2 protein chains.
Amino acid sequence: MNSVTILGLIAGIFTSFSLLPQLIKALRTKHTRDLSLSMFSILATGIFLWILYGIILHDIAIIIANAVSFFFTFTILMLILKYKN
Amino acid sequence: MNSVTILGLIAGIFTSFSLLPQLIKALRTKHTRDLSLSMFSILATGIFLWILYGIILHDIAIIIANAVSFFFTFTILMLILKYKN
């Protein structure tokens, strides 16, 4: 693994894990009314497109970083839908 | 511009603009107490590293997408610090 890929993976750890406090908060409080469904839908769509972009370019850092981000974002989205009512 | 770059730019529009509702809300309400300073600091750091990654790889989609995201995130960070007290 070269140093550029390591830089991408470190960047990915930062951007992916910035989602974690929100996910933990939603799981803990079971309260997601203040979260925007449209915002997280747009974000999940964008992250999904980045995964495709990474796959086409065979860029492992982009694929891994966005796969982790997608998992967190998708889980937050499901919690928004679950605790909607 | 090839179709892969266009895919990256579309992905970037989605992920960057998912930050916009939060920025608009903070500007409108002048109230950022519920926003996590550490979350947006981590995010800004990660986005900055993605810009470096894009520059090293000469990847224009990664550079543009993350430059826009960095602008939004940095502005939100400044508003958090401004409206802290």
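Everything quoted here is computed from the prediction, not taken from an experiment. Just so it is clear, the values below take in all heavy atoms, side chains as well, and ignore hydrogens, waters and symmetry mates. Convention: sequence-line order gives letters A, B, ...; per-chain numbering from 1.
- One distance of note links CG of B:L19 with CE of A:M39; it measures 6.5 Å at 0.5 Å rounding.
- Per-residue counts of heavy-atom pairs under 4.5 Å with chain B were compared for A:T5, A:D34, A:L49; the largest is that of A:L49.
- Contact annotation for residues 61-71 of chain A against chain B (heavy-atom separation below 4.5 Å, listed by residue number): A:A61, A:I62, A:A65.
- Proximity to chain A is absent for every atom of B:I51, based on heavy atoms less than 4.5 angstrom apart.
- For B:I47, the parts lying near chain A are the backbone and the side chain together; criterion is any non-hydrogen pair under 4.5 Å.
- Within the 4.5 angstrom heavy-atom criterion, only side-chain atoms of A:L57, from C-beta onward, approach chain B.
- Test A:I10, A:D59, A:L9 against B:Y53 for side chain to side chain contact (heavy atoms under 4.5 Å, CB included) and you get one pass: A:D59.
- Nearest heavy-atom pair across A:G46 and B:T15 is C-CG2, 3.5 Å.
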